[in-house]
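One structure is given here, and the rest of the page talks about it.
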Amino acid sequence: MIEKARGSFNLAARVLDERVAAGDGARVALRLGLPGEGLRTVTYAELLDETHRLANVLVALGVGRGDRVLVALPDGVPFVAAFLATLEVGAVVAMANPELPATDYAAQLAYTRAKVLVADDALARRAADAIAGVAALIVGGTDAGRVASYEARVAAASPRFEIAPTDADDEAVWLATSGSTGAPRAAVHTHGSFAFCIDAYGVGVLGIGRDDVTLSVPKLYFGYATGMSLLFPLAVGASAVLFPERPTPERLLALAAHHGATVLALVPTLIAKLLATPDTGRGALPRVRLATSAGEALPVPLYARWKEAFGVELVEGLGAAELFHIHVSNHSDDVRPGALGRVVPGYEARVVRDDGGDAAEGEIGALWVRGGSAALRYEGDPERTRRTFREDGWVATSDKVRREGDVFFFEGRSDDMLKVGGIYVSPLEVENVLLEHPAVAECAVVAYEDEAGLVKPKAVVVPRARDAEGDSLLQELGAFARARLAAFKVPRRWELRPSLPRNDRGKLVRRDLRGAS
């Protein structure tokens, strides 16, 4: 049974200070770059030294227990040190994409009420007006007014630091949710909730151990990667490969090969791109023992193509910012394509109908989860907090699922589901059928209202051939769908696009596809 940490506890101490104290100081914690391109390794002892120095810098800048520090950095050593140093001070980490539009940082800073912003020089120059009112610690910057140089301040600080006496139930991280609007919203997590996920999923399901090397497509500000390339590997003495640039198949393959990556954290979009890359196959990932897929549903045809090409097991799971990480998952020795798998040990799950009752087997309903990683609240949103975080410990997620025995199947987000003639239609079911057609590269199914105001399905298709004959292809797809789906599930409208809209986490933005075409 996975137990949540209680009493005196600090997450950073668990994943860093205790590792060094246990004799892992000389082990490699972080791996960066390629030969001729800033190749570097960082040991646990070196990371501890930078983290302690940075903690002293944060204290000197006025950061204390409960204060927020906004980290908006590319993936690299300063990001990891800032994350851990903030926790060691007893403060709270908030994270932002360093490539957001400049004006978004004013909203981020206002929402988090951050005492200090940690960013790089590129962001500081690009968003100078938006961040002018906050103390900033800038990687690659120089001391000037409220701006402090990360390198200079860290180099001058003491490597000795006494960790603040935090408890497992103290706030640790504000984890951004992928809401339906661009306004910031965060699930507030404790030190203990992250430790629970490390034990339940990172160790319990993935079996991450000391000899593993993780490599993530998502960036560290996204909770999926916060686990896979920071907390999970560091907690067990393993190492993580980090890279600041946007992921491409070529870069990922080169980093995996050079650093001997054993565990990959992927998303379906990048999986498709890897499969489309020339000269890839079973020798392209020489040491990888396991890959994970999360962030959005993994189509069955894409899973089959991955297994055929690489021969590496691909484990799909479902997570949510409200529970930090994956809580329903396949296992490497028990993968059912098209299914999410079983509840991660340590969690409980229910499928709940709209009327609040438990759904029957095979019936679509909302996924409710209970376990030791539930967030405390949504910051600044008491009404949504009340609806989501129930007094009995259940978290009412926005994910729609169905259950067959103890295996769960993802059907879509609540606001993505189609109710056609009073019956729920999963967009994923229709999309998986369309993806079986050889001319379809990607697709998305959304709702629209017809002339009578009734909800009908609409399909947006990205063809494999850019010069595909539109009308004839759509007629062919309509016949293909009618032969394989119940009539009410067949799209009534069709649209061809060169690509599908995605957010900064790589997730499909369905709202941009709705409406008439």
Side-chain angles (χ1 to χ4, degrees), residues 1-6 9 11 14-15 168-169 175 187 189-212 214 223-238 262-265 289-295 298 313-352 358-359 361 365-375 389-390 392-397 399 401-410:
M1 182 66 181
I2 306 296
E3 296 289 342
K4 186 175 180 180
R6 303 290 181 188
F9 180 81
L11 178 64
R14 158 83 190 271
V15 304
D169 292 333
L175 197 62
H189 281 276
T190 66
H191 289 262
S193 70
F194 287 94
F196 186 91
C197 285
I198 291 170
D199 296 331
Y201 179 70
V203 176
V205 172
L206 300 183
I208 292 180
R210 291 167 59 82
D211 294 330
D212 275 315
T214 68
Y224 180 23
T226 310
M228 294 297 293
S229 279
L230 199 165
L231 297 177
F232 297 168
L234 295 189
V236 297
T262 61
V263 177
L264 301 181
R289 66 173 182 84
L290 178 69
T292 63
S293 179
L298 175 67
E313 191 55 82
L314 182 57
V315 174
E316 184 177 13
L318 178 66
E322 293 80 0
L323 291 140
F324 169 48
H325 219 275
I326 307 297
H327 43 269
V328 180
S329 180
N330 285 279
H331 291 237
S332 60
D333 59 352
D334 183 20
V335 171
R336 183 167 174 176
L340 292 171
R342 296 173 171 82
V343 179
V344 170
Y347 293 93
E348 304 170 74
R350 300 167 55 196
V351 184
V352 180
D358 285 329
E361 184 167 335
L367 178 66
W368 287 28
V369 181
R370 182 160 63 184
S373 66
F389 301 100
R390 306 302 175 105
D392 54 3
W394 288 101
V395 178
T397 78
D399 296 312
V401 300
R402 60 182 170 86
R403 177 180 55 82
E404 294 181 6
D406 60 353
V407 177
F408 291 80
F409 294 79
F410 184 66

Is there a donor-acceptor pair under 3.5 Å between the side chain of Arg403 and the backbone N or O of Gly405?
yes
Any side-chain heavy-atom pair of Val236 and Asp212 under 4.5 Å:
no
Return the set of residues passing side chain to side chain donor-acceptor pair (under 3.5 Å) with Ser332 (not counting sequence neighbours), or none when no residue passes.
none
Backbone N or O of Leu367 within a donor-acceptor pair of the Thr397 side chain at under 3.5 Å?
yes
Is the closest side-chain heavy-atom distance between Val343 and His327 below 4.5 Å?
no
Shortest non-hydrogen separation from Gly223 to Leu175 and the atoms involved:
CA-CD1, 3.9 Å
Heavy-atom distance under 4.5 Å between the side chains of Val315 and Val335, does that happen here?
yes
Verify side chain to side chain contact (heavy atoms under 4.5 Å, CB included) between Val352 and Asp358, making sure each step is shown before the conclusion.
CA-CA 5 Å; Val352 180; Asp358 285 329; 4.2 Å; yes
Taking atom NE2 of His331 and atom CD of Glu313, what is their separation to the nearest 0.5 Å?
12.0 Å
I would like to know whether Leu318 and Asp399 meet side chain to side chain contact (heavy atoms under 4.5 Å, CB included); could you show each step before the answer?
CA-CA 9 Å; Leu318 178 66; Asp399 296 312; 3.8 Å; yes
Check Arg402 with Glu404, please: is the shortest side-chain N to carboxylate O separation under 4.0 Å?
yes
Thr190 vs Asp169, test: side chain to side chain donor-acceptor pair (under 3.5 Å). Steps then yes/no.
CA-CA 5 Å; Thr190 66; Asp169 292 333; 4.9 Å; no
Tell me, with the steps shown, if Leu290 and Leu206 meet side chain to side chain contact (heavy atoms under 4.5 Å, CB included).
CA-CA 8 Å; Leu290 178 69; Leu206 300 183; 3.8 Å; yes
For the student: nearest non-hydrogen atoms of Ala238 and Gly209, plus distance
CB-O, 3.2 Å
Does any part of the side chain of Trp368, heavy atoms only, come nearer than 4.5 Å to the side chain of Val395, both counted from C-beta?
no
Distance from Thr226 atom OG1 to Tyr224 atom OH, nearest 0.5 Å?
12.0 Å
Minimum-distance pair of heavy atoms, taken over all atoms of Ala235 and Arg14
CB-NH2, 4.4 Å
Considering non-hydrogen atoms only, spot the tightest contact between Ser329 and Tyr201 and give its length.
OG-CE1, 3.8 Å
Min side-chain heavy-atom separation Arg342-Asn330 under 4.5 Å:
no
Ignoring hydrogens and angles, tell me if any N or O in the side chain of Glu316 forms a donor-acceptor pair with the backbone of Leu298 under 3.5 Å.
yes
Salt bridge (charged side-chain N to carboxylate O under 4.0 Å, His left out) partners of Asp211, counting only residues at least two apart
none
Looking only at heavy atoms, which two atoms of Pro233 and Gly227 are closest? And how far apart?
CD-O, 3.6 Å
Could you check whether Tyr347 and Phe196 have their ring centres less than 6.0 Å apart?
yes
I need the minimum non-hydrogen distance between Cys197 and Phe324, along with the two atoms involved.
SG-CD2, 3.4 Å
Between Glu348 (side chain) and Gly371 (backbone), is there a donor-acceptor pair under 3.5 Å?
no
Aromatic contact, His325 with Phe194 (centres under 6.0 Å):
no
Can you check whether Leu323's main-chain N or O pairs, donor with acceptor, with Ser373's side chain at less than 3.5 Å?
yes
Is the shortest side-chain heavy-atom distance between Thr214 and Thr262 below 4.5 Å?
no
Output for pair (Ser293 OG, Leu264 CG), nearest 0.5 Å, gives 11.5 Å
Let me see the working for Val401 and Leu340 under side chain to side chain contact (heavy atoms under 4.5 Å, CB included), right down to the final yes or no.
CA-CA 9 Å; Val401 300; Leu340 292 171; 4.3 Å; yes
